[in-house]
Amino acid sequence: MSASQQPATQREVSAEIATAAGVPPRADGHPERAYGPYRSTALRAPQQPLVVSPPSLTELAAPVFGARDVAPIDADLTRHHTGDPLGERIIVTGRVLDGDGRPVRHQLLEIWQANAAGRYRHEGDQHPAPLDPNFTGGGRAITDDEGRYRFVTIKPGAYPWRNHTNAWRPAHIHFSLFGTAFTQRLVTQMYFPGDPLFGFDPIFQSVTDEKAQQRLVAAYDHDVTEPEWALGYRWDIVLDGAHATPPDPDGV
Amino acid sequence: MLELTPSQTVGPFFAFGLPFDGGGDVVPAGTPGAITLHGTVRDGAGAPVPDALLEFWQTGPDGRLPTRSGSLHRDGRSFTGFARVPTDRAGDYHLRTLRPAAPSGSPHAPHLAVAVFARGLLHHLFTRVYFPNHVEANAADPLLSVLDEERRATLVAVPDGGPTGPGYRFDVRMQGPGETVFLDLSTHGLAQPPVATTETPA
Ligand SMILES: [Fe+2]
């Protein structure tokens, strides 16, 4: 797909999504970097296979974040300005685990998102929807002893983008995570249950395995919901294993 | 075993979520021995990528990895070992750091670990910055030593001093001619049968 072509219709992109869904998914659940329906991958996905390599001692460790780096208020995106932001206040909480089921303790989570109208506080966002003077949309937290995190924010709106004609992103919150090894680094997006845009969105559909797709979707949890205050969502995140054993000096 | 949470692109709007003040200052200005590391990120057409985000993680000259917090809110004195730099409109990034040394017992030559994020990249890419002066260590490095000359060169910074002192250039080519060597460091990747060769004809 060259960038100079006419933008495709949703129907054409949906047909490409259906074709790509017929290819066996990666066993680890991650998307293939070259995914035609998401046009911007065309010039940004490597053509050479990745070189499988045991991590170095550097890559088996990770930068250290703590109380110096993150204040408690950083996790409440509704309190970063003098007034209350518009929209539906929500709580998003869960645990960060590694592939072996161990909690990822005391590690940094960062989130960023659109406001309730589907607008980012970013000069590149041309969506004609209002900015909210009381909402920036960035948050940080450090996981606790059990790997738990908790954010208070506003449910983001869906927003249009230019991938194809009438392309809309389902509501989502961007997440960035560190583990105890740099190899565990993850950037992903959390979605909301039952979004009618899932089937149309090339980024969500780039995860072609249906079970893996569901791992991107938070669950509504009435036990997280707080009376007279906010709806609650639960979303657990699983990072790659921590490579507990040091690399084999004789290995490649 | 738990199933992993899939990756999704960092998208175009991370600017207010991830970059932070001083993200490229692994050491403060004026630190003895400081070097600059800079370069350009380019796509498969050779065009600069103005919306990439690069992270670097490294040992210091003593071969140690920092174990104290303060990687986001630097104290203005300490070596944090971590940099996070977005590319600018010209696809350029730069950071100020110290030369890494290999930790004791490391089979690898001194290097910086790198993670590349960008709009249009559904899953980040890992690579490494090595330095040309470690001739023997580089020759013995378990990664560099299995790459052909052309591919190995994509991982070695080029000396490129500037007015502020010694510097190195490290360009990232996401795709196409001179494509940077990117790494699969995952437990899943390592569990696969070894691939006979990493050299692929263009
Ligand atoms: Fe987004």
Side-chain angles (χ1 to χ4, degrees), chain A residues 27-31 33 35 40-41 43-59 61 63-66 68-69 97 99 101 110 112 120-122 124-125 136-138 174 176 182-183 185-189 203 206-207 212 215-216 237-238 240-241 243 247 249 251-252, chain B residues 1-18 43-45 57-59 65-73 81-82 103 106-108 113 115 117-124 142-143 146 174-176 179 181-190 192 195 198 200:
Chain A
D28 60 10
H30 289 304
R33 292 179 181 83
Y35 182 72
S40 300
T41 67
L43 290 172
R44 296 185 172 193
Q47 289 166 332
Q48 302 271 358
L50 301 193
V51 177
V52 177
S53 188
S56 65
L57 293 175
T58 299
E59 290 153 346
V64 184
F65 305 97
R68 187 207 301 273
D69 301 294
L97 304 166
E110 295 164 284
W112 66 104
Y120 283 91
R121 189 172 285 277
H122 187 287
D125 187 351
T136 302
H174 295 266
S176 164
F182 199 62
T183 57
R185 194 79 180 83
L186 180 70
V187 166
T188 186
Q189 301 179 25
I203 294 180
S206 70
V207 176
R215 298 200 290 275
L216 293 173
I237 303 157
V238 180
D240 195 9
H243 292 284
V252 170
Chain B
M1 284 293 287
L2 298 178
E3 303 287 350
L4 307 185
T5 303
S7 172
Q8 295 270 268
T9 179
V10 76
F13 300 134
F14 56 79
F16 68 93
L18 292 178
D43 69 13
W57 167 239
Q58 61 167 111
T59 52
L65 291 158
T67 54
R68 291 180 58 223
S69 66
S71 290
L72 286 183
H73 283 260
F82 177 66
S106 171
H108 292 96
F117 305 88
R119 178 180 65 83
L121 189 58
L122 282 161
H123 190 183
H124 64 267
L143 171 64
V146 299
M174 297 179 74
Q175 183 192 85
E179 184 175 300
V181 169
F182 297 109
L183 305 176
D184 182 350
L185 303 171
S186 68
T187 51
H188 186 267
L190 291 170
Q192 300 306 299
V195 179
T198 57
T200 307

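We name chains A, B, ... by the order of the sequence lines, and we start the count at 1 in each one. The analysis underlying the following values was restricted to heavy atoms, covering all of them including side chains, and did not include hydrogens, waters or symmetry mates.
- By number of non-hydrogen pairs under 4.5 angstrom with chain B, the leading residue of A:Gly29, A:Pro46, A:Ser40 is A:Pro46.
- Smallest separation of non-hydrogen atoms from B:Asp43 and A:Leu43: CB-O, 3.3 Å.
- No other option in B:Gly17, B:Pro66, B:Ser69 has as many heavy-atom pairs under 4.5 Å with chain A as B:Ser69.
- Of the atoms belonging to B:Val181, it is side-chain heavy atoms, and not backbone ones, that fall under 4.5 Å from chain A.
- Put simply, the side chain of B:His188 does not reach to within 4.5 Å of the side chain of A:His30, judged on heavy atoms.
- Side-chain contact check for A:Asp240 and B:Thr187: at least one donor-acceptor pair (N or O, by modelled atom type) lies under 3.5 Å.
- When each of B:Thr59, B:Leu65, B:Leu121 is checked for heavy-atom pairs under 4.5 Å with chain A, B:Leu65 comes out on top.
- Shown here for A:Ser206 and B:Leu122, the closest heavy-atom pair between the two residues is OG-CD2, 3.4 Å.
- Within the 4.5 Å cutoff, the side chain of A:Val187 has no heavy atoms near those of the B:Gln8 side chain.
- A donor-acceptor distance shorter than 3.5 angstrom exists from the side chain of A:Arg215 to the backbone of B:Leu4, with no hydrogens or angles considered.
- Relative ring orientation between A:Tyr120 and B:Phe13 is described as tilted, the plane-to-plane angle lying within the 30° to 60° band.
- Heavy atoms only, all atoms of each residue included: B:Leu183 and A:Ser53 are closest at CD2-CB, 4.4 Å.
- Within the 4.5 angstrom heavy-atom criterion, atoms from both the backbone and the side chain of A:Gln189 approach chain B.
- Residue contact with chain B, scored on non-hydrogen atoms closer than 4.5 Å, involves the side chain of A:Ser176 exclusively.
- For a residue to count as touching a neighbouring chain, one of its non-hydrogen atoms must lie under 4.5 Å from one of that chain's; by this rule B:Glu179 touches chain A with the side chain only.
- Nearest approach of A:Arg68 to B:His73, heavy atoms of both residues: CD-O, 3.2 Å.
- With rounding to the nearest 0.5 angstrom, the NE2 atom of B:His108 is 9.0 Å from the OG1 atom of A:Thr58.
- You'll find the side chain of A:His174 stays beyond 4.5 Å of the side chain of B:Val10, heavy atoms only.
- Ranked by non-hydrogen atom pairs under 4.5 Å with chain B, the options A:Asp69, A:Leu216, A:Thr188, A:Leu50 are led by A:Asp69.
- Nearest approach of A:Arg44 to B:Ala118, heavy atoms of both residues: NH1-CB, 4.1 Å.
- Chosen from B:Phe14, B:Phe16, B:Trp57, the residue pairing most often with chain A at heavy-atom distances under 4.5 Å is B:Trp57.
- The most heavy-atom pairs under 4.5 Å with chain A, out of B:Gly70, B:Gly176, B:Ala113, come from B:Gly70.
- With a 4.5 angstrom heavy-atom cutoff, B:Phe117 touches chain A only via side-chain atoms.
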